[in-house]
Structures are given as structure tokens and as C-alpha cells.
Amino acid sequence: MKVFISYILVILIWSTTPLAIHISSDDLGFILSVTARMTLGAALVWACLLILRKPLFFNKDSWRLYLAASIGVFPNMPLVYWAAEKIPTGLISLLFSTSPFFVGLLSKIILKEKIGFHRIVGMAIAFVGMAVVFSDQVRFGPEAVAGIVAMVMSTFLFSTSAVLIKKLGVNSGPLEQSAGSMLFALPGLWITWFMLGAQTPAEIHWLPTLSLAYLVVVGSLVGFSVYFFLLKNLSASTVSLTSMISPIFAMFLGTFFNNELFNPLLIWGAAVLLVGLGVYLGLVKRVMGFFVKKPPVESDITNSDEGSFTSDFAASKVK
């Protein structure tokens, strides 16, 4: 039950953070906003560790784990914040939903996992959806295209971090991993802020301040900790499935609170991309299985490369 609740929580947090990122950057600018968030977030998580009397470095491999996890913060997060100034927040969440493809490809290379035929088909379908989304955004000029490219790079970096964490297999608590990832990323963030002019705003309004506070507490302290908890208890592919659900909520929030408009071409592209993601993750096959009952074959189970969503949750109960 703890894993299931954490899974739902990650979906809700990932759905709301793109809009919060966009709002928090209004006064602070993208690089100061992300640097302030991670600095305050690291201080908050470290304070929690001190109160709970938990050491940050618990064995000799801790630094490797934190270094791998920090890739998901820097240079990943500055790319997300920069993209939020160029493209709608709902599109940011949609592009992030391609993370399972990167996780699958990197798992094949790094973890030597198999890639089944259905995953290849899913990637092909999703590529068509991405092409439709890209063609829709081209008409908004080079800034929109740059935002899409930044998000694709960000998703690749985030997926690389997730796969490297699984490869290391270091047994770490979620709070320790959250603190370590942010602390290891801070030098890169501060240096980047300084190199981009080290600008500070003359005035900060209440809404960007509230959004920054939300990102520090909910996005960093809670979000990172719950995400690392899921990575510890579920496969990387199952965790990446959260990105398939969050764009739906993110697009709704962007339309309702940020007056973002999505034309039919973008909606069709998003739908095709999500269908491709469903095929890739084997969801279409499982849905069809409800209508066409077939007794399981032992070889199908032992040779499966899908990383079953339901079996993953079942396995987490005995950990």
C-alpha cells in the first residue's frame, strides 16, 4: 500500500511542477529559480536528516550513487526551467512522458535488458506522434523548437540518471538520496548562475514566491524522496510509467490556470505519442487480455521483458 500511495503521489506532483516552474520563473528567471529551489531544498532535506540523526554518507559507494542521482538535477533541471519559458507547461509534461523510451534503450545498453518487438513498435508509433507535435510547434518559431530540443535532452539525462541508479544498486534511504543528489548538483547550478550574469530580481511577487515554496517543499523534499523510494522498490520502467499519466493532468492545469491553448494537431500528436507509449509498456496487450482470456504459458512468463506493472507492485510487497 505504501508503494501504491507513493506512485499516485508522484503522478500528482509531476503533474503540477511544470506549471509551478513556469510561475516561479516569472520574477526570478530560469537559472536563479532552479538554483534557489535546489539550494533551499537541499538545506531542508539535510535538516531532516540531522533531526532524524541519519548520516549522509553511509558507505564508501554513497558518492557514486549521489553523483548518478545528481544528473537528474544538474544539468537536467536547468533545461526544464529554460524550456518552460519557450513552450506550454502541458507540452513539457508530454515531452517528459517519452522517458520510458530512453529508459528502455539505456537499460538495453547499460543493464543488458531485452527489447521486445512490441517495444520497437511502440517507439515507432511514438516517434510519429512526436513528429506531429514537433510540426505543430515549428509554426511558433525557433524558440518553440529550442524548447522541445531542451526537453528531449532533459528527458534523456533524467532517464540516464534513473538507469545508473538501478545499475549501482546501492541500498540508500530516499531522504539520503534526495539530499545527496541536490548537494552534488549545487556546484554546477551556482557556477551556471554566476556565468549567466548572477542576476537577482528587484522585486518578487507573492505568486512566484508561493510557487518556489511549493517546489522546494513538495517538488524537492517530497517529490524527490518519493521518486527515489519508488526506484528502490520498482523497476525503472514501471516508475517511468508515471510520465504517461501526468501529461493529461498537466495539460488541464495549464489550460485552466495559465490560459494555454492546444490546437487539434497538438492533441492528435499527443494522443498518438501516448498510444505508442502504451504499446511500448505492454498496456495494450494487457487490456486485450481482459477480453481474450488465455492461460499463461510458463515460457512466456520466464522470458518476458515487459517488466510487468502489476507484478512489480506485487513484488514490492515482499521487500
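Remember, it's a predicted structure, so these values are computed and weren't measured experimentally.
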Taking Ser220 for the side chain and Val217 for the main chain, is one N or O donor matched with an acceptor at less than 3.5 Å?
no
Please check this pair: side chain of Ser93 against backbone of Thr89, looking for a donor-acceptor N/O pair closer than 3.5 Å.
no
Starting at OG of Ser172, measure out to NZ of Lys54 and round the result to the nearest 0.5 Å.
9.5 Å
Could you go through Phe184 and Trp63, starting from their C-alpha distance and side-chain angles, then the distance that decides it, and tell me whether this counts as side chain to side chain contact (heavy atoms under 4.5 Å, CB included)?
CA-CA 9 Å; Phe184 272 55; Trp63 70 271; 4.0 Å; yes
When you measure from the side chain of Ser62 to the backbone N and O of Asn59, does any donor-acceptor pair fall under 3.5 Å?
yes
So, for Leu274 and Ser97, which heavy atoms are closest and what is the spacing to 0.1 Å?
CD2-OG, 4.2 Å
Picking from Ser154, Ser159, Ser161, what satisfies side-chain hydrogen bond (donor to acceptor under 3.5 Å, both in side chains) with Asn76?
Ser154
Would you indicate whether Phe57, at its atom CZ, is surrounded by more than 12 heavy atoms from other residues, nucleotides or ligands within a distance under 6.0 Å?
yes
Distance-minimising heavy-atom pair for Ala84 and His22:
O-ND1, 3.2 Å
Among all residues two or more places apart in sequence or in another chain, which pass the ring pair (Phe, Tyr, Trp, His ring centres under 6.0 Å) test with Trp193?
Trp190
Is the backbone N or O of Ile148 less than 3.5 Å from a side-chain atom of Lys86, with the two atoms forming a donor-acceptor pair by type?
no
Sort and list the pairs that fulfil ring pair (Phe, Tyr, Trp, His ring centres under 6.0 Å) and have at least one residue in residues 158-179, not counting sequence neighbours.
Phe96-Phe158, Phe158-Tyr227
Start with the C-alpha gap between Phe229 and Lys2, add the side-chain angles, then the distance that decides, and say whether side chain to side chain contact (heavy atoms under 4.5 Å, CB included) holds.
CA-CA 10 Å; Phe229 171 76; Lys2 186 186 295 186; 3.7 Å; yes
List the steps and the verdict of side chain to side chain contact (heavy atoms under 4.5 Å, CB included) for Thr16 and Leu253.
CA-CA 7 Å; Thr16 55; Leu253 291 172; 3.7 Å; yes
Would you say Ser24's side chain and Ile21's backbone share a donor-acceptor pair under 3.5 angstrom?
yes
Any sub-3.5 Å donor-acceptor pair from Tyr66's side-chain atoms to Leu56's backbone N or O?
yes
Got Leu273 and Thr98 here, is their nearest side-chain heavy-atom distance under 4.5 Å?
yes
Using ring pair (Phe, Tyr, Trp, His ring centres under 6.0 Å) as the criterion, list what pairs up with Phe249, not counting sequence neighbours.
none
Between atom NZ of Lys167 and atom OG of Ser107, what is the distance when rounded to the nearest 0.5 Å?
11.0 Å
Measuring only between side-chain heavy atoms, which start at C-beta, is Pro201 closer than 4.5 Å to Leu32?
yes
More than 12 heavy atoms of other residues, nucleotides or ligands under 6.0 Å from CZ of Phe156: yes or no?
no
If hydrophobic clusters are built from ILVMFWY residues whose side chains come within less than 4.5 Å, do Leu19 and Leu95 share one?
no
Checking Ser70 side chain against Leu67 main chain: does a donor-acceptor pair fall under 3.5 Å?
yes
Should Ile125 and Val272 be marked as a side chain to side chain contact (heavy atoms under 4.5 Å, CB included) after you check the CA-CA gap, both sets of side-chain angles, and the distance that decides it?
CA-CA 7 Å; Ile125 295 173; Val272 173; 3.9 Å; yes
Shortest non-hydrogen contact from Pro208 to Asp26?
CG-CB, 4.3 Å
Do any N or O atoms from the side chain of Thr39 and from the backbone of Ala36 form a donor-acceptor pair under 3.5 angstrom?
no
